[in-house]
2 protein chains.
Amino acid sequence: MNQLKEALDTLKETGVRITPQRHAILEYLINSMSHPTADDIYKALEGKFPNMSVATVYNNLRVFREVGLVKELTYGDASSRFDFVTTHHYHIICESCGKIVDFHYPGLDEVEHLASHVTGFKVANHRMEIYGSCPECVSKEVH
Amino acid sequence: MNQLKEALDTLKETGVRITPQRHAILEYLINSMSHPTADDIYKALEGKFPNMSVATVYNNLRVFREVGLVKELTYGDASSRFDFVTTHHYHIICESCGKIVDFHYPGLDEVEHLASHVTGFKVANHRMEIYGSCPECVSKEVH
DNA sequence: TAAACTATTTATAACAATTATAATTTAAGA
DNA sequence: TCTTAAATTATAATTGTTATAAATAGTTTA
């Protein structure tokens, strides 16, 4: 139910200390419906933690990732974005404005199987994203 | 037939000058069956072009990408890798040693359609990769 | 062919995201 | 409360990539 509480329990179970900074970062990740960068988080929490270091944000995002609470989305040029893991979903990304929208799709098991069969790899997971233009940017293009 | 020749023709058609450096970078990309980083290319051509600049490699990879000859593969931490575009294919990546292997799969049109329908985006393209362990690394794990 | 123009390369500096380091502080169990 | 390992901070370093300006090399025009 309460995502934050569950997340904190996960941390406890894995023996990760719950510091105020970690609490705040998790809270921000859960509440922000966007997919913030490390810097977004840093800036957002500047008010509450005036002397928090950027390194803390990065360190803790790594911790959360290792524990499985957070997923790191890496796109070429720009900086990584971080996504609180709830249910399995994919992303569609607007190439004009950068907006990221979630969408659900049954996992691509078939592709994984074929790839495994053809290459002999032991498959762990996959990533997929779709690129295009969001409705707002499409309508802007047309004028 | 001859990929290099075709690529050079493409450059000619689009009015991109064919310099010795560009020729060499293309040749290297086509012949190397791996997916080299900009630095790999830079190092590989050091012998032939002792005072070529890294910027030249980056510049020309960008040119090739814009013309559609080359695809840039971006993964989080590490540096971009570059792939000479031949037929449409996907990649499976070994998480232990970083090896990248190509595999073919009919495009994921269905996913694109669903995503477009659900989100209202105009879809342009997608990316997908599979992660796992290559046969060599799997056998190493077992001992 | 020579002059003029433009694209390309080079060398270098700048930049931005991220990580490493070392000193200081703090959470959580005894 | 004390202790200790873990976390935070401040800062510096690193790394991949891009920007800049000067030098060079192709092209086009006269």
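This is a predicted model, so every value here is computed, not measured. Reminder, nothing fancy here: chain letters follow the sequence lines and each chain counts from 1.
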Problem - Euclidean distance, A:Asp9 CG relative to A:Leu4 CG, rounded to 0.5 Å - result: 9.5 Å
Practice task
Ignoring backbone atoms, test whether B:Thr37 places a side-chain nitrogen or oxygen under 4.0 Å from the OP1 or OP2 oxygen of D:dG16.
Solution key: no
Exercise for the section: Measure from CG on B:Asp39 to P on D:dT17 and round the result to the nearest Å. Expected result: 9 Å
Handout entry: For atom NZ of A:Lys12 and atom C1' of D:dA7, their distance in whole Å
Key = 17 Å
Exercise for the section: For C:dT26, take OP1 and OP2 only and decide whether either is under 4.0 Å from a side-chain N or O of A:Gln21. Expected result: no
Exercise for the section: Kindly indicate, with the supporting measurements, whether the criterion side chain to side chain contact (heavy atoms under 4.5 Å, CB included) is fulfilled by A:Tyr28 and A:Val57. Expected result: CA-CA 12 Å; A:Tyr28 181 78; A:Val57 177; over 6 Å; no
Exercise for the section: Could you go through the side chain to side chain contact (heavy atoms under 4.5 Å, CB included) check for B:Tyr42 and B:Thr37 one step at a time? Expected result: CA-CA 9 Å; B:Tyr42 177 63; B:Thr37 63; over 6 Å; no
Please tabulate, one pair per line, each protein N/O and nucleotide N/O from nucleotides 21-25 of chain D that are separated by under 3.5 Å, including the distance.
none

Exercise for the section: Ignoring backbone atoms, establish whether B:Thr19 has a side-chain N or O less than 4.0 Å from OP1 or OP2 of C:dT9. Expected result: yes
Handout entry: Degree of bending in the helix from C:dT1-D:dA30 to C:dA30-D:dT1 once both end axes are built from five pairs, to 10°
Key = 30°
Quick test: give all pairs of protein nitrogen or oxygen and nucleotides 20-25 of chain C nitrogen or oxygen below 3.5 Å, distance rounded to 0.1 Å.
none

Fill in the blank from the handout: Whole-Å distance, B:Arg65 CZ to D:dT17 P, equals 11 Å
Handout entry: Value in whole Å for how far the C1' atom of C:dT26 lies from CG of A:Asn60
Key = 14 Å
Completion exercise
The nucleotide from D:dT17, C:dA17, C:dT9 with an atom nearest the side chain of A:Ser79 is C:dA17
Exercise for the section: Find the distance A:Glu72:CD to C:dA17:C1' and express it as a whole number of Å. Expected result: 11 Å
Practice task
Under the side chain to side chain contact (heavy atoms under 4.5 Å, CB included) rule, what do B:Gln3 and B:Glu6 come out as? Steps first, then yes or no, please.
Solution key: CA-CA 5 Å; B:Gln3 296 193 316; B:Glu6 274 178 29; 5.7 Å; no
Practice task
Remember a base hit wins even if backbone is also touched, and classify B:Thr56 as base, sugar-phosphate or nothing at under 4.0 Å, heavy atoms.
Solution key: base
Exercise for the section: Would you mind telling me which residue lines up with the more 5' stretch of DNA chain C, B:Val54 or B:Pro20, judged by nearest nucleotide? Expected result: B:Pro20
Problem - Between B:Asn59 and B:Thr56, a side-chain donor and acceptor under 3.5 Å - result: no
Problem - Side-chain touch B:Leu69/B:Leu11, heavy atoms, less than 4.5 angstrom - result: yes
Problem - Interatomic distance where CD1 belongs to B:Ile25 and C1' belongs to C:dT8 [whole Å] - result: 12 Å
Problem - A:Arg22 side chain to A:Arg17 backbone, donor-acceptor under 3.5 Å - result: yes
Handout entry: Nucleic acid contacts of residues 40-52 of chain A, taken as heavy-atom distances under 4.0 Å to DNA chain C
Key = none
Exercise for the section: Calculate the interatomic distance between A:Leu11 atom CG and C:dA28 atom C1'; express it in whole Å. Expected result: 15 Å
Exercise for the section: Test B:Glu72 against B:Leu61 for side chain to side chain contact (heavy atoms under 4.5 Å, CB included), laying out the working first. Expected result: CA-CA 8 Å; B:Glu72 184 173 358; B:Leu61 287 171; over 6 Å; no
Side-chain atoms of residues 111-118 of chain A: list all donor-acceptor pairs with protein atoms under 3.5 Å, sequence neighbours left out, distances to 0.1 Å.
{"unit_1": "A:Glu112", "atom_1": "OE2", "unit_2": "A:His126", "atom_2": "ND1", "d": "2.6"}
{"unit_1": "A:His113", "atom_1": "ND1", "unit_2": "A:Asp109", "atom_2": "O", "d": "3.4"}
{"unit_1": "A:Ser116", "atom_1": "OG", "unit_2": "A:Phe121", "atom_2": "O", "d": "3.0"}

Problem - Evaluation steps, side-chain hydrogen bond (donor to acceptor under 3.5 Å, both in side chains), between B:Arg81 and B:Ser34 - result: CA-CA 9 Å; B:Arg81 298 177 160 276; B:Ser34 62; over 6 Å; no
Completion exercise
Which of C:dT18, C:dT10, D:dG16 is nearest the side chain of B:Tyr58? It is D:dG16
Exercise for the section: Give the cluster check for A:Leu45 versus A:Val63: same hydrophobic cluster or not, with ILVMFWY residues linked at side-chain heavy-atom distances below 4.5 Å. Expected result: yes
Exercise for the section: Report the distance from atom CG of A:Leu29 to atom CG of A:Asn60, rounding to the nearest 0.5 Å. Expected result: 10.5 Å
Fill in the blank from the handout: Separation between OG1 (A:Thr10) and CG (A:Leu26), nearest 0.5 Å, reads 9.0 Å
Handout entry: Spacing between B:Ile18 atom CD1 and C:dA7 atom P, to the nearest angstrom
Key = 16 Å
Exercise for the section: Answer yes or no: is there a donor N or O on one side and an acceptor on the other, between the side chain of A:Arg127 and the main chain of A:Thr74, under 3.5 Å? Expected result: yes
Problem - Residue whose nearest DNA chain D nucleotide is more 5′ - B:Phe82 or A:Gly15 - result: A:Gly15
Fill in the blank from the handout: Contacts of A:His91 meeting ring pair (Phe, Tyr, Trp, His ring centres under 6.0 Å) (sequence neighbours excluded), chain-then-number -> A:His35, A:His89
